[in-house]
Amino acid sequence: MMDTIRGGNLIDLGALSREAIVEVLDTAEGFVEVASRTVKKVPALSGRVVASLFYEESTRTRLSFETAAKRLSADVLSLAVASSSVKKGESLRDTIATIEALGIDAVILRHRSSGAAEQVSRYVPHVRVINAGDGLHQHPTQGLLDAFTVRRALAGRRGVEALGTGASLFEGLRVLIVGDIRHSRVARSDIDAYAALGARVSVAGPATLLPDDLDEWPVEVATNLDTALERADVVSLLRLQTERGTGAFVPSLREFTSTFGLTEERAARLRPEAVVMHPGPINRGVELDSAVADLPASLIAQQVASGVPVRMAVLYLTIAGRAKEER
Amino acid sequence: MTELLIRGGWVVGEAASVRADVHVRDGVIVAVGEDLEVPDGARVIEAEGSWVGPGFVDLHTHLREPGGEAAETVASGARAAAVGGFTAIVAMPNTEPAIDSVDTAAYVLSRGRHAVVDVAVAGAITVGRRGEHLAPMAELAALGVRLFTDDGAVVQDAAVMRRALVYARPLGVRLAQHAEDASLADPGQMNEGPVSSRLGLIGRPTLAEDVIVARDIELVRATGAPLHFLHLSSARALALVEAARAEGLPITAEVTPHHLSLDESACVAYDATYKVNPPLRGNRDVAAVRDALRRGVVDAVATDHAPHAPETKDRPFDEAPSGVLGLEHAAALVNEVIGDDPVRLFAVLSREPARIAQLRGADARVGLSAHGGAIVPGEDANLVVFDPEATWVANREILQSRARNTPYHGRQLRGRVRTTVVRGEVVVHEGEVQ
């Protein structure tokens with residue numbers, strides 16, 4: 001377990017302790033107000049170089065990371081993989097070596113292969129590696145920004161500042177994650193984050209989309225979705241990744257929606273204070289009804305907004321931060 | 001005239017070991033006994049404390065030639081075999097092109113004639129190993145091919161597999177199956193279980209192996225044709241094989257050094273060095289594989305030596321090719337599992353694989369001498385001197401193979417090949433190719 005990401009990499013939330021996660025959330029709180037300044041910049045990473053390397057297109061994650069880096073005054077090298085030498089058959093290892101030779105402090109990597117970020121961290125041990133999503137494995141900044149969004153919303157309701165609440169607002173919080181758990185890197189990172197912070201996590205989905213080894217995960221299985229919805233404080237819906245062929249695990253999208261979608265009817269069962277989340281992009285009408293996405297309970301827009309300060313915190317801590325033993 | 005005296009070792013027979021010297025002249029054993037006189041001009045190998053037995057025979061070697069010479073050639077693979085104590089290897093047909101024609105088989109055999117150990121070839125069961133049309137098994141059999149497999153691929157279609165068994169039976173050859181149902185195994189990257197789930201890698205379940213083994217046992221029962229199961233790795237599949245053999249069905253089976261000595265946890269850092277098909281399994285299956293070898297549920301250990309160029313194993317895990325090296329460390333790993341039992345060690349590494357590959361007798365057509373026989377006068381001198389107590393550390397930097405994808409780098413090993421003798425010539429001594 002790592003107690004801080006200062007001076008380290010961010011690859012797998014399962015490797016982080018509660019303290020390490022709270023440190024990121026607290027640091028992100030400090031960066032929120034930068035967005036409301038006229039000049040939306042702080043000099044924290046001035047002169048530092050961050051490479052953004054997306055082997056899978058993802059407009060929102062890429063923009064969010066690059067905006068975060070620029071607000072910290074870092075220089076951003078953005079490699080458009082689709083039009084680069086990668087298309088000419090260059091290997092991941094050679095591409096990373098080339099970029100490292102340009103002199104970079106960190107690389108933000110999105111890759112379709114599970115484990116790509118960990119492998120890259122071995123190729124370039126002196127460069128900080130931020131995993132922006134690797135295959136089915138992890139999407140750590142999504143897990144962090146989801147926890148950040150929930151903590152802000154809960155603190156706001158109680159009229160307290162989120163900063164300073166540590167992990168206390170997660171104690172006993174009932175989080176329900178619904179959908180394709182098996183193939184979801186977001187689910188793995190969310191579960192790691194919520195479990196580390198002390199929440200009670202349960203999952204629901206078609207049996208073919210649940211992992212076979214769920215009894216070894218720090219979660220409960222919700223056998224009855226409707227009952228679970230009535231109890232939940234946080235309902236997190238996962239994207240059904242039909243582009244990855246996971247549609248074949250259920251008879252039809254219609255049946256998925258009728259059995260595990262958050263329809264208006266099901267949403268009516270939610271407690272008034274419950275919140276609804278989705279990592280995006282939403283398949284409206286599949287994971288949730290269009291109307292539900294726009295309900296006041298929905299934190300989906302806040303999730304997007306949280307992306308920048310959380311990623312600023314991650315970049316700042318990993319690049320500028322020194323590990324405790326080095327200080 | 002070449003003369004050789006291997007002095008003072010334990011000569012391992014089919015039932016027991018006796019302390020004796022072995023005198024070899026011109027490729028043939030001429031005398032076995034205590035305190036033999038040193039013939040004039042003979043090279044003397046001191047074998048005190050070592051086991052002297054028939055050279056190891058690998059049923060399952062990927063030599064990559066033709067088509068994959070960047071990873072291995074017949075010559076380099078044969079040197080790796082010799083260092084590992086093997087005097088004969090069976091080259092798998094998943095080359096480019098596949099060994100599914102007399103021309104390709106003859107090409108590999110001709111390369112083998114210049115190699116440091118005897119090289120037999122396995123032919124493909126189907127054209128291009130695509131599982132559709134039968135390869136010319138009769139023509140290949142006439143050339144001396146005795147084992148047929150689409151290894152790397154399974155013969156997925158039950159009707160094609162049945163037809164192949166029926167066709168092969170009167171030819172006196174044996175089919176071998178890579179038992180993984182493709183519809184269950186693909187596109188899996190490692191064993192299906194808690195580790196794959198946590199790593200976000202798609203699993204290849206043991207179920208894929210069990211289903212094909214169960215199906216093929218029924219096909220053997222229906223056709224009466226012999227079948228060999230390659231690299232079994234699942235406890236359930238081994239139980240099915242044990243029951244089928246108890247019934248007397250003509251089924252043989254092998255396990256690999258890596259399924260005996262490594263488990264799925266090796267994959268946790270996404271190092272594709274440990275990516276192999278069938279995948280490294282969980283503890284329960286590893287224990288079953290070890291138990292099956294000790295109890296004789298399987299006949300042989302075969303390496304599935306699978307060289308890959310380093311840059312291909314550096315790819316992301318799901319893009320990297322499957323396969324691990326095995327020839328150079330196999331005997332030590334088997335020795336660890338079997339313990340102090342030279343008769344069993346030579347049974348699983350030499351006598352039984354030689355029987356399955358029909359290499360017990362010499363075959364001049366394909367330039368092969370006899371392997372896996374008794375250590376008695378008149379036999380071809382294909383021998384290995386193995387020190388069961390020697391300890392050493394596996395090192396990928398000093399391999400004879402052109403590839404470096406050994407999963408044992410840095411592992412402490414017990415038992416080492418001291419000398420390998422092929423047709424009476426010392427080809428390896430103390431780790432050095434002569």
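In the text below, chain A, chain B and the rest are named by the order of the sequence lines, each starting its count at 1. Heavy-atom basis, side chains included; hydrogens, waters and symmetry copies ignored.
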Inset, instruction - Would you name the heavy atoms of Glu192(B) and Asp212(A) that are closest together and state the gap between them? - result: OE2-OD2, 3.1 Å

Legend entry - Ala269(B) versus Glu118(A), closest heavy-atom pair with distance: CA-OE2, 3.3 Å

Legend entry - For Asp213(A) against Pro194(B), the heavy-atom pair lying closest together: OD2-CA, 3.2 Å

Legend entry - Note, Arg122(A) side chain near Asp271(B) side chain (heavy atom, < 4.5 Å): yes

Inset, instruction - Enter the distance from Ile11(A):CD1 to Tyr270(B):OH here, rounded to the nearest 0.5 Å. - result: 10.0 Å

Legend entry - Separation between CZ of Arg188(A) and CZ of Arg198(B), rounded to the nearest 0.5 Å: 10.5 Å

Inset, instruction - With a 4.5 angstrom heavy-atom cut-off, could you sort out which part of Val195(B) is near chain A: side chain, backbone, both or neither? - result: neither

Inset, instruction - Please say whether more than 12 non-hydrogen atoms of neighbouring residues, nucleotides or ligands are located less than 6.0 Å from CZ in Arg215(B). - result: yes

Inset, instruction - Identify the two heavy atoms, one from Ser197(B) and one from Trp217(A), that lie closest to each other, and give their separation to 0.1 Å. - result: OG-CZ2, 3.3 Å

Inset, instruction - Search all heavy atoms of Leu201(B) against all heavy atoms of Ser114(A) and return the closest pair with its distance. - result: CD2-CB, 3.7 Å

Inset, instruction - Might you point out which heavy atoms bring Asp314(B) and Arg93(A) nearest each other, and give the distance in Å? - result: OD2-NH1, 2.7 Å

Inset, instruction - Mind running side-chain contact (heavy atoms from CB on, under 4.5 Å) on Ser91(A) and Glu311(B) for me, showing each step along the way? - result: CA-CA 8 Å; Ser91(A) 72; Glu311(B) 65 275 14; over 6 Å; no

